[in-house]
Each structure stands twice: as structure tokens, then as C-alpha cells.
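Shown next, in C-alpha cells, is the structure this report addresses.
Keep in mind the model is a prediction, meaning the values are calculated, not measured. To find a chain, count down the sequence lines: A is the first, B the second, and so on, and within it residues start at 1.
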Protein chains: 2
Amino acid sequence: MKGYDARDFPPVAVTVDLVVLTIRADRLSTLLVRRGGPPYQGRWALPGGFVHPDEGLAAAAHRELAEETAVGAPAVHLEQLGSYGEPRRDPRMRVITVAHLVLAPDLPAPVAGSDAAAARWCPLAELEPGKLAFDHRQILADGLERARFKLEYSPVATAFCPPEFTVAELRRVYEIVWGVGLDPRNFHRKVTGAAGFLAPVGRTTTRDGGRPAQLFRRGDATVLRPPMLRPASS
Amino acid sequence: MKGYDARDFPPVAVTVDLVVLTIRADRLSTLLVRRGGPPYQGRWALPGGFVHPDEGLAAAAHRELAEETAVGAPAVHLEQLGSYGEPRRDPRMRVITVAHLVLAPDLPAPVAGSDAAAARWCPLAELEPGKLAFDHRQILADGLERARFKLEYSPVATAFCPPEFTVAELRRVYEIVWGVGLDPRNFHRKVTGAAGFLAPVGRTTTRDGGRPAQLFRRGDATVLRPPMLRPASS
DNA sequence: ATAATAGTGTCTCTTAGACAATATTTC
DNA sequence: GAAATATTGTCTAAGAGACACTATTAT
């Protein structure tokens with residue numbers, strides 16, 4: 001069983017798929033492409049494609065992201081989400097896909113790729129569950145759950161914000177991704193008190209109205225201790 | 001780039017590798033096999049093997065585990081850890097491996113597989129870092145970090161225990177995996193107070209000496225809220 | 001009785017959450 | 001001034017950690 005001769009086995013293809021989450025007009029949205037050919041022709045799907053011969057998995061994910069959104073690597077958070085390889089998830093052949101999760105600030109309109117007839121940002125609330133191709137409904141659900149969970153114990157929420165942001169803008173990220181309301185005063189105290197979460201820029205902005213708010217950049221912490229606690233409801 | 005014709009690409013092989021963690025003689029240990037052929041002949045490696053044509057990823061991981069340890073699925077915790085696919089991680093051909101993490105109670109001695117010259121439980125403290133084949137040092141490190149982290153917010157620590165266990169035995173799991181000492185009294189209060197973590201069996205045991213201890217089974221919670229907090233040191 | 005481990009109670013300190021109060025802007 | 005948002009302060013309840021104390025077994 002471990003002869004390591006690939007010719008003993010039928011062909012396998014390896015792809016990367018992307019769950020790209022962003023916040024547009026106060027709604028959590030994901031990037032979808034409409035499939036231009038069979039199977040699932042005309043259905044919406046997660047963006048993705050083959051891993052090239054001399055390319056690592058993360059590199060393939062970054063390349064696909066750039067092809068679809070013209071967004072460079074440094075501006076977003078990208079992490080591996082998990083691999084999906086049920087034998088018949090693609091009716092044509094054995095395809096194992098390595099899904100990646102991307103958290104990004106509000107990005108420009110997407111670019112339709114060569115194989116995709118169209119691409120768009122779809123608010124998650126408007127997505128009919130059964131409408132995605134392949135097992136992409138499950139992958140999207142897993143990505144959303146991962147994002148919600150990571151907001152608790154890591155500073156990735158800042159990936160949804162522009163490079164400089166206010167506490168209120170960061171709070172809106174938590175409220176939208178978690179679907180809850182948070183007390184602005186307690187949130188402010190907690191987030192500014194968490195070591196390494198935020199680095200003050202030293203300037204202020206009034207773009208949200210009212211009293212000027214401090215601008216922050218993301219700090220250098222990789223983990224939040226203690227974590228941000230999601231209200232008990234969910 | 002998305003023609004979905006596998007013949008456009010050179011062959012790729014997909015394997016599963018296993019990070020199997022258990023506690024033997026109060027030491028955290030992992031299952032290793034000695035490689036019987038090149039490359040890395042004679043070196044220790046994580047157990048693993050090819051994904052079969054009609055087999056899902058989790059099924060392949062369970063099969064490899066059973067081949068190596070003669071352990072059935074229900075007794076252990078198995079989850080996908082992540083995929084590793086740097087282009088030249090295997091010198092022979094492009095191999096993408098889907099690593100899985102297994103947490104198991106103390107198991108019998110391993111069985112050498114067909115391709116492995118030998119198999120053994122290796123205490124992590126005795127493992128020389130540079131001695132593992134391929135990128136298995138990194139995979140093992142990632143698995144260990146995942147296990148340490150999951151002990152905080154999930155009840156997986158019970159996977160290291162036999163079906164019925166005492167609070168003290170569970171505490172030893174935390175102490176050994178985290179490498180810290182925990183106060184038995186506070187631990188007891190916390191773990192018995194966490195909803196769904198433990199289900200009392202109603203019987204007691206004196207196998208640890210002293211006053212008889214309540215026996216527990218794992219409860220039905222999948223997440224611990226609030227989490228078990230690891231002491232600040234690390 | 002002594003040793004060993006199990007389990008409970010109590011105290012203090014920190015933190016979460018509710019919410020009052022103050023500060024600084026625009027209109 | 002009125003409205004809006006930012007930020008600080010105060011109170012209370014819950015939980016973490018330190019540790020005294022009691023309980024139940026084996027020898």
C-alpha cells in the first residue's frame with residue numbers, strides 16, 4: 001500500500017478553492033464566480049483552480065486570488081482552511097481541493113476569470129443554500145465558522161479593516177461577522193487594553209461623525225489573551 | 001488556467017500522514033515508523049500512505065491508523081490537521097499530503113506496516129528535531145500546537161483517557177500535554193462545573209490510591225465555554 | 001494512626017458587562 | 001445648543017487562583 005508509485009493509482013487532480021470574506025455595505029459577503037462550463041454550468045461557485053506543477057499550495061491560493069480580484073498578498077489575511085476530497089465530489093474525475101480562507105477589506109469589483117462567466121460579491125444573507133456547485137456550500141460554511149471563531153482569539157478582525165481604522169470600525173466588524181450587538185464602551189476598553197492588538201497611529205479622524213476618533217493600525221500580537229468573548233446567544 | 005483537464009498537468013500523488021499522540025508512562029508520545037526504502041531510508045517518519053481511488057480523506061486516515069495500530073475508529077479522536085504540498089517536499093514526484101491529528105488513549109504496541117521496517121511510540125522529549133523524514137518535523141510541530149490549543153477550548157483531552165476516567169487522570173493529561181502543573185482542587189472545581197464536559201458514571205475507583213474517586217465519561221459538549229485557561233508562562 | 005488522594009469552602013483579585021458621565025466634533 | 005460619536009469611570013457579579021480544611025480509602 002505504500003509503494004509510492006503513482007502509476008498504481010488513477011489520476012488525481014489537486015485544486016485550491018477560496019472562501020473570500022469581506023464586508024461591503026455593512027454586510028458580510030463572499031466572492032463567487034459563475035461557472036462557464038459543465039458540470040454545474042451557470043451555477044455559482046467559489047473561485048479556484050489547479051495547483052501548478054512548481055507551485056506550493058499557499059502560492060496557488062495567492063495567485064488565484066490575484067487573478068480574481070487584482071489584490072496583492074500583503075493587504076489580506078490568507079490561511080489554509082482544509083482539504084475536501086470525497087471521491088465523487090467532482091463528477092469528471094478525482095479532485096482534491098485545498099480550501100483557503102481569505103479575509104479582506106472592502107475590495108473593488110471582482111474580475112471575471114477565463115473560465116468564469118462572471119464574478120460578484122454575494123452577501124451571505126442573500127445566498128440560497130442549495131445554489132452552489134460541488135461541495136462549496138460546506139466549504140463556505142466551514143470558512144464562515146472558522147472566521148467567526150478566529151475573531152475570538154486572534155486579531156484577524158483587523159484584516160477586514162483598511163490599514164488605519166478606528167475602534168468603532170473594528171467593532172462593526174465584530175458585530176457584522178458575529179451578527180450581534182456589542183457595547184461600544186466595553187468594547188473600546190477591552191480592545192485597547194489587549195496587549196498587541198492595536199497600535200495607535202497618533203492621528204484622529206472624523207469620518208464616522210461625532211467626536212474625532214483615534215486611528216489605529218494592527219498590532220504585532222498573533223493571539224489574544226484573554227480572547228474576545230462572543231455573547232452567549234449562539 | 002481552469003480547463004479542468006488533468007492531462008494538462010504532471011502527475012500528482014495525494015497521501016495522508018498521521019500525527020498520532022498518546023500518553024505512555026506519563027510522557028506525550030507519537031507514533032513513528034522507520035522507512036524501509038528510499039528516500040530517507042532508515043529515517044523515522046510519520047505513518048501514512050496513499051489515498052485510495054474510491055476513498056475519502058478521513059477514510060484513508062482511519063484505514064492507515066488501523067493498519068498501524070489495529071485500533072478502531074470509535075476509540076480515538078481524529079481530525080484533519082492540514083495539507084502540505086511544497087513542490088519538492090518529496091524528491092521523487094509531486095506529493096501533496098493531507099495530515100491528520102489523532103489523539104488516543106494508551107494503545108498497544110504498534111504493528112510494522114508492509115513498507116515500514118519498524119514502528120514505535122516515541123516520547124516527544126526524546127525526539128531529535130532533525131531526524132524525521134520529509135517535512136514531518138513541521139507537521140508534527142503543527143499537530144502538537146493544535147493539540148495544545150484544542151485542549152483549551154474543547155473537551156478533546158478526554159480522548160487521551162480510557163472510556164471511564166477520574167478527574168485526576170484528566171488533569172494529568174492537561175499537565176503532560178501543556179507541560180505545566182495544575183492545582184488539583186481548582187482543576188476539579190472547574191472541570192466538573194463546565195457544562196457538558198463530563199458525565200458522571202455513578203461509580204468510583206481507587207486505582208489511583210487514596211480516597212475513591214468518581215468515574216466520568218466524556219460529556220456531549222463540543223466546545224468549552226468558558227475555556228480551560230493555560231497558565232501564562234507559554 | 002498515618003499516608004495518600006478526593007473533594008469542598010473561603011478568600012482575594014481580576015475581568016466582564018451594565019450603564020452614568022464627560023469630551024469633542026458637525027450642523 | 002442639539003445631535004452624534006468617542007472615551008473614561010463606576011458599580012456589580014462571576015470566575016480564577018491560592019490555599020485551609022474535610023472526607024474516605026489502604027496499610
Side-chain angles (χ1 to χ4, degrees), chain A residues 26 151-153 161 164-176 178 180-217 221 223-234, chain B residues 26 151-153 161 164-176 178 180-217 221 223-234:
Chain A
D26 275 356
L151 254 57
E152 293 193 38
Y153 63 84
C161 297
E164 299 187 350
F165 53 88
T166 69
V167 171
E169 288 161 357
L170 184 62
R171 176 168 48 84
R172 289 299 293 156
V173 170
Y174 277 90
E175 291 179 331
I176 289 167
W178 284 350
V180 300
L182 299 173
D183 184 289
R185 299 156 294 185
N186 291 334
F187 183 87
H188 187 284
R189 182 160 35 85
K190 185 158 188 176
V191 87
T192 54
F197 195 170
L198 301 183
V201 169
R203 286 177 289 108
T204 61
T205 182
T206 57
R207 63 188 178 216
D208 298 324
R211 169 175 167 180
Q214 296 273 348
L215 281 169
F216 294 90
R217 293 180 163 278
V223 64
L224 297 181
R225 294 184 68 95
M228 305 290 292
L229 290 184
R230 180 159 29 164
S233 65
S234 172
Chain B
D26 274 356
L151 254 58
E152 294 193 38
Y153 63 82
C161 298
E164 299 188 349
F165 53 88
T166 68
V167 171
E169 289 160 356
L170 183 63
R171 177 168 49 82
R172 290 297 294 156
V173 170
Y174 276 90
E175 291 179 330
I176 289 167
W178 283 350
V180 299
L182 298 173
D183 185 290
R185 298 157 294 185
N186 290 335
F187 183 88
H188 186 284
R189 183 159 33 87
K190 186 157 187 175
V191 86
T192 54
F197 196 171
L198 301 183
V201 169
R203 286 178 287 109
T204 60
T205 181
T206 56
R207 64 188 175 213
D208 299 322
R211 169 175 165 180
Q214 296 273 347
L215 281 169
F216 294 89
R217 293 181 163 276
V223 64
L224 298 181
R225 294 182 69 95
M228 305 291 292
L229 291 184
R230 178 158 32 163
S233 66
S234 170

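- In the set dT5(C), dT7(D), dA16(D), the nucleotide with an atom closest to the side chain of Pro226(B) is dA16(D).
- Taking atom CD on Glu152(B) and atom P on dA16(D), their separation rounds to 13 Å, with Å as the unit.
- Place Arg185(A) and Gly209(A) on DNA chain C by their nearest nucleotides, and Arg185(A) ends up nearer the 5' end.
- Rounded to a whole Å, the CG atom of Leu198(A) is 15 Å from the C1' atom of dA6(D).
- Distances from the side chain of Thr206(A) to the nucleotides dA18(D), dT25(C), dT24(D) place dT25(C) closest.
- The heavy-atom pair separating Phe165(A) from Arg207(A) by the smallest distance is CA-NH2, 3.4 Å.
- Closest approach to the Arg189(B) side chain among dT10(C), dT24(C), dG17(C) is made by dT10(C) (side chain taken as heavy atoms from C-beta onward).
- Computed from coordinates, the Met228(B) CE to dA16(D) P distance equals 9 Å when rounded to whole Å.
- Checked against dA6(D), dG9(D), dG9(C), the side chain of Asp208(A) finds its nearest nucleotide in dA6(D).
- Each of dA16(C), dA16(D), dT25(C) was ranked by its minimum atom distance to the side chain of Leu229(B); first place goes to dA16(D).
- Among the protein residues, Asn186(A) comes within range of the nucleic acid bases, having at least one heavy atom under 4.0 Å from a base atom.
- Regarding Arg230(B), its CZ atom lies at a distance of 16 Å from the P atom of dA16(D), rounded to whole Å.
- Atom C1' of nucleotide dA16(D) and atom NZ of Lys190(B) are separated by 7 Å, given to the nearest angstrom.
- Rounded to a whole Å, the CG atom of Leu170(B) is 16 Å from the C1' atom of dG7(C).
- Taking atom CD of Gln214(B) as the reference point, atom C1' of dA6(C) lies 9 Å away to the nearest angstrom.
- Atoms CZ and CG, from Arg230(A) and Leu151(A) in turn, are 8.5 Å apart once rounded to the nearest 0.5 Å.
- A close approach under 4.0 Å does not occur between any side-chain nitrogen or oxygen of His188(B) and OP1 or OP2 of dA6(C).
- With rounding to whole Å, Arg171(B) atom CZ is found 11 Å from dG7(C) atom P.
- We find that Arg172(B) and Glu175(B) are joined by a salt bridge, their nearest charged nitrogen and carboxylate oxygen being less than 4.0 Å apart.
- Within the model, atoms CG of Leu182(B) and CG of Leu170(B) stand 10.0 Å from one another, a figure rounded to the nearest 0.5 Å.
- The NZ atom of Lys190(B) sits 14.5 Å away from atom CZ of Arg171(B), with the distance rounded to the nearest 0.5 Å.
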